Amino acid sequence: MLQTVSARSVVVLDFETTGLSPNQGDRAIEIGAVRLLNGQVVDRFQQLMNPGRRVSGFIENFTGISNEMLRDAPPCEAVMAQFADWLGDHNLVAHNASFDQRFLDAELSRIGRGYGGQFACSLLIARRLYQDAPNHKLGSLVAMKNIQHDGVFHRALADSEMTAGLWLAMLADLQRTYGIDTPDFALMQTLAKKPKSAVAAYLQKQR
DNA sequence: TGCCAGGCCCTCTTTAGGGCCTT
């Protein structure tokens with residue numbers, strides 16, 4: 001029964017970080033996530049975390065997360081342990097998932113934790129479904145698909161909510177445009193790997 | 001000292017280079 005629930009619900013994840021690469025010493029400073037079940041947000045997770053060092057002025061400006069805000073935040077290790085418990089074995093979605101996966105893996109590895117779910121990338125799927133979009137940045141796709149948002153960008157929970165909205169919009173377009181009744185997670189993962197030229201034919205076969 | 005991401009994807013490609021995305 002748990003497996004059925006996990007297969008149908010996904011966690012949409014977003015990190016704010018000190019930089020682009022955990023391999024270069026960058027750390028997470030905020031995690032935001034929503035759990036989607038049957039097209040609805042049924043749970044949320046949001047937490048700032050103290051990476052143990054000061055963040056750059058660029059990151060303060062980019063995210064609006066200041067060193068002062070992080071000073072009293074719990075350490076990454078404590079937050080990530082909470083998140084691992086919350087995440088369980090759910091599958092994951094993120095915009096440019098390879099980025100968030102690298103940080104999730106790096107932060108969980110530090111505390112000897114892991115996760116059982118798999119990732120799907122909303123960026124790779126959007127590049128295939130919306131091939132004529134001017135670009136595939138999260139903010140641009142949110143505007144193009146008229147996805148509701150509160151005007152906050154580059155904060156973890158706000159970005160995860162918008163990514164969740166994009167995910168649902170893509171599922172709806174697969175139903176509407178291609179007649180796929182219940183596009184599941186595995187179909188989305190497969191779609192993300194298809195050559196763009198093969199997308200239409202692949203989706204026709206899934207009807 | 002000086003350097004510094006990584007993966008996808010296109011093309012003036014594949015014995016490579018550069019733009020797009022994420023912070």
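In this text the structure is predicted, and so the values were computed from the model without any measurement. A note on names: the letters A, B, ... follow the listed sequences, proteins ahead of strands, and every chain is numbered from 1.
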| message | When you compare the side chains of A/Gln175 and A/Asp181, does any donor N or O come within less than 3.5 Å of an acceptor on the partner? | response | no
| query | When you compare B/dC8 with B/dT13, how far apart are their C1' atoms, in angstrom units rounded to a whole number? | reply | 15 Å
| said: Go nucleotide by nucleotide along DNA chain B from the 5' end; which of A/Lys193 and A/His136 gets its closest nucleotide reached first? | reply: A/Lys193
| Range on DNA chain B touched by chain A, heavy atoms, distance below 4.0 Å | B/dC4 to B/dT23
| What do the steps show when you test A/Glu30 against A/Arg155 for salt bridge (charged side-chain N to carboxylate O under 4.0 Å, His left out), and what is the final call? | CA-CA 8 Å; A/Glu30 187 181 42; A/Arg155 287 298 300 269; 2.7 Å; yes
| field | N-O pairing of A/Glu161 and A/Arg35 below 4.0 Å | value | no
| said: Counting the atoms with a prime plus P, OP1 and OP2 as sugar-phosphate, which does A/Phe58 contact under 4.0 Å by heavy atoms, base, sugar-phosphate, or nothing? | reply: base
| Nearest-Å distance once atom P is located in both B/dT1 and B/dG6 | 24 Å
| said: Taking only the P atom of each, what is the distance from B/dC4 to B/dG17 in whole angstrom? | reply: 16 Å
Side-chain atoms of residues 193-207 of chain A: list all donor-acceptor pairs with protein atoms under 3.5 Å, sequence neighbours left out, distances to 0.1 Å.
residue  : atom : partner  : partner atom : Å
A/Gln206 : NE2  : A/Tyr202 : O            : 3.3
A/Arg207 : NE   : A/Tyr178 : O            : 3.4

| request: Name the nucleic acid region contacted by A/Gln24, choosing base, sugar-phosphate or nothing; use a 4.0 angstrom heavy-atom cut-off, strictly under. | output: base
Give the table of side-chain donor-acceptor pairs shorter than 3.5 Å for residues 110-120 of chain A, with sequence neighbours excluded, one pair per line with atom names and distance.
residue  : atom : partner  : partner atom : Å
A/Arg113 : NH1  : A/Asp85  : OD1          : 3.4
A/Arg113 : NH2  : A/Asp85  : OD1          : 2.8
A/Tyr115 : OH   : A/Asp105 : OD1          : 2.6
A/Gln118 : OE1  : A/Gln189 : NE2          : 3.0

| said: For a quick check of understanding: with a heavy-atom distance under 4.0 Å over all strands, which category does A/Asp26 fall into, base, sugar-phosphate or nothing? | reply: nothing
| task | For B/dT15 versus B/dC20, give the span between their C1' atoms, rounded off to a whole number of Å. | result | 25 Å
| said: What's A/Thr63 touching, base or sugar-phosphate or nothing? Going by heavy atoms closer than 4.0 Å. | reply: sugar-phosphate
| said: Any donor-acceptor pair under 3.5 Å linking the side-chain atoms of A/Thr17 with those of A/Asp26? | reply: no
| Heavy atoms under 4.0 Å, any strand shown: does A/Leu138 hit a base, just sugar-phosphate, or nothing? | sugar-phosphate
| request: Name the nucleic acid region contacted by A/Asp159, choosing base, sugar-phosphate or nothing; use a 4.0 angstrom heavy-atom cut-off, strictly under. | output: sugar-phosphate
| query | Taking the P atom of each, how far is B/dC21 from B/dC3, in whole Å? | reply | 28 Å
| query | Strictly under 6.0 Å, is that where the ring centroids of A/His149 and A/Phe153 end up? | reply | yes
| task | For nucleotides B/dG2 and B/dG7, find the distance between their C1' atoms and express it as a whole number of Å. | result | 25 Å
| said: What contact category does A/Asp14 fall into here, base, sugar-phosphate, or nothing, at under 4.0 angstrom with non-hydrogen atoms? | reply: sugar-phosphate
| request: For B/dG19 versus B/dC12, give the span between their P atoms, rounded off to a whole number of Å. | output: 14 Å
| Quick one: on DNA chain B, does A/Arg128 or A/Thr17 contact a more 5' nucleotide (nearest heavy atom)? | A/Arg128
